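On a predicted model such as this, the values are computed, not experimentally measured, just so you know. All heavy atoms count here, side chains included; hydrogens, waters and symmetry mates do not.
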Amino acid sequence: MPRSFIDADDVAILESPEEVLTTLDRDGKRKWLYPTPSKGRFWKRRLVLGWALIAFFVALPIVRINGKPAVLLDVMAREFTFFGATFYPTDSFYLLLFGLSALVSIFLLTALLGRVWCGWGCPQTVYLEFVYRPIERWIEGPEHVRKRRNAGPRTADWLRRRVAKLAIYLVISVALAHVFVSYFVGWDRLLVWMQGDPREHWGYFVMMAGTSALILYDFGYFREQMCTIACPYARFQSVLMDEDSLIVSYDYTRGEPRGKGKKQADGPRINKKTGEALGDCIDCYACVRTCPTGIDIRDGLQMECIACTQCIDACDAIMDKMDLARGLIRYTSEHALDGEKTRVARPRTVLYTLFFAALVTAFAVGVATRGSYDVNVGRAVGEPFTALPDGTVANRLRFRVRNQTPRDAAFEIRALEPSDAALRIVGVQPFALTPQEMKRVEVWVIVPATTFATDDEAPARFALDFDDGTVEEVEYVLLGPSE
């Protein structure tokens, strides 16, 4: 259906089918949107949730659990900490389960609640609607004033307001960039670097500057185009959602035919000119003016809709003034709009739930049963074995031991098999480990040449005795000359 109507009320308009996005003109130029906030019941709930999420995002790299930040993605050290549990490259299976669980949870959430994440939890929406745009309104005025000022001559007052806005935007963007970088280096380390010479850690300062610039560009200029053009999630919704998924939708049956008219005492509103009975939609464009992506929700489910509920609040306010029932625009489903029952349990939601439960269970059991120590043994670089003058054979091995507990530990290494194996350890036992520390220990394993009488390989087994009573056993294959 072509969307075409006049711009008398500062409404973002599609003038013809060639204009496929409300943020672009037919020649590809940017069309600025000036959404008017509708501060109804959903907006108030989103405001509380939004600021709670902002506090949560900022606190994650600062709050410490078991001596480490709640979330620390230390790529350089190859350590990933989530709420007290630290994962290493050897824990890639657990990270895979975690990633798959997050992906399936998105599938399940979308199938049930549509794009509720986009409108209520996405940082793009939260920061834009509750941080950057309120600052813009405070400095440059309400939407109709700002639109008129931007369309007019570039006066000193316009320049003064624009510079003040961008200066505040820059400060906030730099602060958010610091929070972002702290997820990768830790807040304590970042504070030390901020007070030191930038040349000592120039890579992170470049990362900081680039991140600040991207955040400033995103929230200062790109804005809703991140949702309508760049974000792939909007494209996925067509396959993740079905007719039972929760959506924000206009009730076409109740609202049409739309138009302005006088309400009768015991009947519908009537168009004064034609005498036609009208629906509840008075064609005021309040839902369009308030939409942060500039769409007309009355045109049906659209890729650009982020389910922010602004159109619901705007329409409810109009319905209250017209003494009509709320809910002309509401949370519903396509089946509910057609008068059918909305099903929560359906094949896709059941499969998503079962798959999600299996992944979460496997992840939880794996983490809960993960050992306190990660032990690995490999062959040191060099010759596979050395034949000694006394008739014995030596294999040079390297033990890698990581302390995965929040306490200090110590360990010793001994040979279990072959029974006549002797160990020459580089260093002095016991070896101490601080919490989360990884240590490599080189060991010469010396066995008689007769061990390889029938084969050039011999199985070996070693025990690592830790001071807390834990015993970790590892197996390896020794090499030697075949007689």
Selection residues 86-101 - residue pairs positive for salt bridge (charged side-chain N to carboxylate O under 4.0 Å, His left out), sequence neighbours left out: Asp91-Arg370

Nearest non-hydrogen partners of Phe57 and Val179, listed with the distance: O-CG1, 4.0 Å

I'd like to know whether Phe98 forms a ring-ring contact (aromatic ring centres under 6.0 Å, His included) with Phe82, so could you lay out the CA-CA distance, the side-chain angles of the two residues, the decisive distance to 0.1 Å, and finally the verdict. CA-CA 11 Å; Phe98 179 80; Phe82 299 95; 5.3 Å; yes

Do Trp193 and Val185 come within less than 4.5 Å of each other through their side chains, counting heavy atoms only? yes

Pairing donors with acceptors under 3.5 angstrom, does anything connect the side chains of Ser333 and Thr342? yes

Would the number of heavy atoms belonging to other residues, nucleotides or ligands and lying under 6.0 Å from CD of Glu340 be above 12? yes

With sequence neighbours excluded, what pairs up with Asp420 under the salt bridge (Lys or Arg N to Asp or Glu O under 4.0 Å) test? none

Residue pair Ile306 / Thr125, side-chain heavy-atom distance below 4.5 Å: yes

Expected output: side-chain Arg289 to main-chain Tyr34 donor-acceptor under 3.5 Å: no

Tell me whether Asp242 contacts the main-chain N or O of Ser245 through its side chain, where contact means a donor paired with an acceptor under 3.5 Å. yes

Gln310 and Thr290: side chain donor to acceptor below 3.5 Å: yes

Could Asp465 and Arg414 be called an ion pair, given the rule that one side-chain N must be under 4.0 Å from one carboxylate O? yes

Under 3.5 Å, is there a donor-acceptor pair between the side chain of Thr110 and the main chain of Ile106? yes

Check whether any side-chain heavy atom of Thr392 sits under 4.5 Å from a side-chain heavy atom of Val447, and report yes or no. no

Charged N-O contact under 4.0 Å between Arg41 and Asp316: yes

For Glu129, salt bridge (Lys or Arg N to Asp or Glu O under 4.0 Å) partners two or more places apart: Arg133

Which one of Leu246, Ile247, Leu108 satisfies the side-chain contact (heavy atoms from CB on, under 4.5 Å) criterion with Leu113? Leu246

Hey, does the side chain of Glu79 reach the backbone of Phe87 with a donor-acceptor pair shorter than 3.5 angstrom? no

Quick one: do Trp51 and Phe130 satisfy ring-ring contact (aromatic ring centres under 6.0 Å, His included)? Show the steps, please. CA-CA 8 Å; Trp51 277 103; Phe130 300 121; 8.0 Å; no

So does Glu437 get a backbone contact from the side chain of Arg402, meaning a donor-acceptor N/O pair under 3.5 Å? no

Test item: Val350 and Leu354 side chains (from C-beta on) under 4.5 Å apart, heavy atoms: yes

Would you say the side chain of Ile215 lies within less than 4.5 Å of the side chain of Tyr127, judging by non-hydrogen atoms? no

Report yes or no: does Gln404 contribute a side-chain atom to a donor-acceptor pair with the main-chain N or O of Gly371 at less than 3.5 Å? yes

Could you tell me whether a side-chain N or O of Ser101 sits under 3.5 Å from a main-chain N or O of Leu97, the two making a donor and an acceptor? yes

Could you check whether Asp374 pairs with Arg400 (Lys NZ or Arg NE/NH1/NH2 to Asp/Glu carboxylate O, under 4.0 Å)? yes

Centre-to-centre under 6.0 Å for Tyr132 and Tyr169, is that the case here? yes

Do the side chains of Arg223 and Asp218 get nearer than 4.5 Å, heavy atoms only? no

Pair Phe42 + Tyr331: ring centers closer than 6.0 Å: yes

Under 6.0 Å from the CZ atom of Arg78, do we count more than 12 heavy atoms belonging to anything else shown? no

Residues in side chain to side chain contact (heavy atoms under 4.5 Å, CB included) with Cys287, at least two apart? Asp296, Ile297, Arg298, Cys311, Ile329

So, the side chain of Ser212 versus the backbone of Ala177: is there a donor-acceptor pair under 3.5 Å, distance only? no

Judged by atom type as modelled, is there a donor-acceptor pair below 3.5 Å linking the side chain of Asp244 to the main-chain atoms of Arg343? yes

4.5 Å side-chain heavy-atom contact, Leu49 and Leu53: yes

Would you check, one step at a time, whether the test ring-ring contact (aromatic ring centres under 6.0 Å, His included) holds for Trp32 with Tyr221? CA-CA 9 Å; Trp32 282 95; Tyr221 178 80; 5.5 Å; yes

Between Leu328 and Met319, is any pair of side-chain heavy atoms under 4.5 Å apart? yes

Donor-acceptor side-chain pairing of Tyr373 and Asp468 below 3.5 angstrom: yes

In this structure, is the centre-to-centre distance between the rings of Tyr476 and Phe462 below 6.0 Å? no

Qualifying residues under ring pair (Phe, Tyr, Trp, His ring centres under 6.0 Å), relative to Tyr88, sequence neighbours excluded: none

Could you work out, with side-chain hydrogen bond (donor to acceptor under 3.5 Å, both in side chains) as the rule, every residue matching Trp187, not counting sequence neighbours? none

